[in-house]
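The block underneath contains the structure these notes are about, expressed in structure tokens.
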Amino acid sequence: MRVALIHALRESVTPINAAFDAHWPEASRMNVLDDSLSADRARDGQLSDALIERFLVLGRYVRDAGADAILFTCSAFGPAIDAVAADLRPLPVHKPNTAMIAAAGDFGRVGLLASFAPTLESMVREFNSAQTVVTCHCGGALEALQAGNGDEHDRIAAEAAITTLSECDVIALAQFSLARAAKKVAQATGKPVLTTPECAVLSLRAEMLK
């Protein structure tokens, strides 16, 4: 079985593959990275038709390469992923956030932490309207990670969480690249922490092997 992993941030590659190693090592993976997608999304300030078309091209590429399922690891592109799912139906196409949002369904007040600000706007709409979602952008964390300073990334994430999200019932880390900070966020806040890579792999594995 071949799972295509499509990334818009190079920092997402390691955490999702680590989650596969831990929870579904038997799955064959193909990693496709276009890190200009996140840069262009941030520059444009919106999800343009041109960006959606680029997602469609990537989806068709991995389908033609023999993918049995697709998992996107980029949280700020929900409508573009929906377009790929419609285009490639019935091929399973998974958003990065869906499984984690489902796991957060048992909690009333959810803290949503993101290091890429456009993720928050896109992702909040995917939660149950009955839930209270408190958003927090941990500014500077992604830049620290991109500069190779993982410890600083984790420190910024934990500090933002304890400052803004300490009254929440659970903390959801919105991006795959944030997963590495889960332990420090949990230690700082004393709250359960959900990560997108682990939830996504477990959900996809359950679907594909049923």
Side-chain angles (χ1 to χ4, degrees), residues 5 7-24 35 38 41-42 71-78 95-203:
L5 306 173
H7 315 283
L9 281 171
R10 65 179 64 249
E11 291 76 19
S12 300
V13 177
T14 296
I16 186 56
N17 280 280
F20 268 95
D21 289 342
H23 299 292
W24 195 11
D35 56 2
S38 55
R41 170 70 177 81
L71 172 61
F72 284 90
T73 68
C74 34
S75 302
F77 299 91
K95 288 181 177 179
N97 313 316
T98 303
M100 185 179 71
I101 290 172
D106 294 331
F107 299 89
R109 189 174 180 87
V110 179
L112 183 62
L113 184 67
S115 57
F116 185 59
T119 297
L120 295 174
E121 178 185 354
S122 171
M123 192 170 170
V124 166
R125 296 191 292 268
E126 299 177 33
F127 281 84
N128 188 319
S129 59
Q131 290 179 290
T132 298
V133 180
V134 181
T135 62
C136 177
H137 173 224
C138 50
L142 181 58
E143 291 76 11
L145 187 60
Q146 291 173 331
N149 194 340
D151 289 342
E152 178 67 2
H153 166 274
D154 298 351
R155 185 196 66 77
I156 292 171
E159 184 175 293
I162 198 170
T163 300
T164 308
L165 306 177
S166 60
E167 299 303 315
C168 294
D169 302 314
V170 66
I171 296 175
L173 303 186
Q175 290 147 249
F176 282 61
S177 56
L178 265 173
R180 56 164 291 131
K183 184 176 181 180
K184 286 196 174 180
V185 171
Q187 290 173 340
T189 63
K191 305 293 182 180
V193 175
L194 300 174
T195 69
T196 41
E198 182 175 45
C199 292
V201 170
L202 291 172
S203 175

Do you know which two heavy atoms are closest between [X] and [Y], and how far apart they sit?
| X | Y | answer |
| --- | --- | --- |
| Gly111 | Leu165 | CA-CD2, 3.8 Å |
| Leu113 | Ala157 | CD2-O, 3.7 Å |
| Asp151 | Lys184 | O-NZ, 4.3 Å |
| Ala114 | Thr119 | CB-CB, 4.2 Å |
| Asp169 | Gly108 | OD2-N, 3.6 Å |
| Ala188 | Ile162 | O-CD1, 2.9 Å |

Heavy-atom count around Arg155 CZ within 6.0 Å, excluding the residue itself: above 12? yes

Roughly how far, to the nearest 0.5 Å, is the [atom2] atom of [Y] from the [atom1] atom of [X]?
| X | Y | atom1 | atom2 | value |
| --- | --- | --- | --- | --- |
| Thr135 | Glu121 | OG1 | CD | 11.0 Å |
| Glu167 | Arg109 | CD | CZ | 7.5 Å |
| Cys138 | Gln175 | SG | CD | 7.0 Å |
| Thr73 | Leu9 | OG1 | CG | 7.5 Å |
| Leu5 | Phe176 | CG | CZ | 8.0 Å |
| Asn17 | Thr14 | CG | OG1 | 7.0 Å |

Can you find a heavy atom in the side chain of [X] that is under 4.5 Å from one in the side chain of [Y]?
| X | Y | answer |
| --- | --- | --- |
| Leu173 | Thr196 | no |
| Ile16 | His7 | yes |
| Leu145 | Arg180 | yes |
| Val170 | Leu194 | yes |
| Phe116 | Ser177 | no |
| Thr189 | Ser166 | no |
| Val133 | Met123 | no |
| Glu143 | Asn149 | no |

Does Ser38 use its side chain to pair, donor to acceptor, with the backbone of Asp35 at less than 3.5 Å?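 At least one qualifying donor-acceptor pair exists.
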
Mark yes or no for whether Gln131, through its side chain, and Phe107, through its backbone, hold a donor-acceptor pair below 3.5 Å.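 Yes; judged by distance alone, with no hydrogens or angles, the pair exists.
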
Could you list the residues that satisfy side chain to side chain contact (heavy atoms under 4.5 Å, CB included) with Cys199, not counting sequence neighbours? Ala99, Met100, Ala103

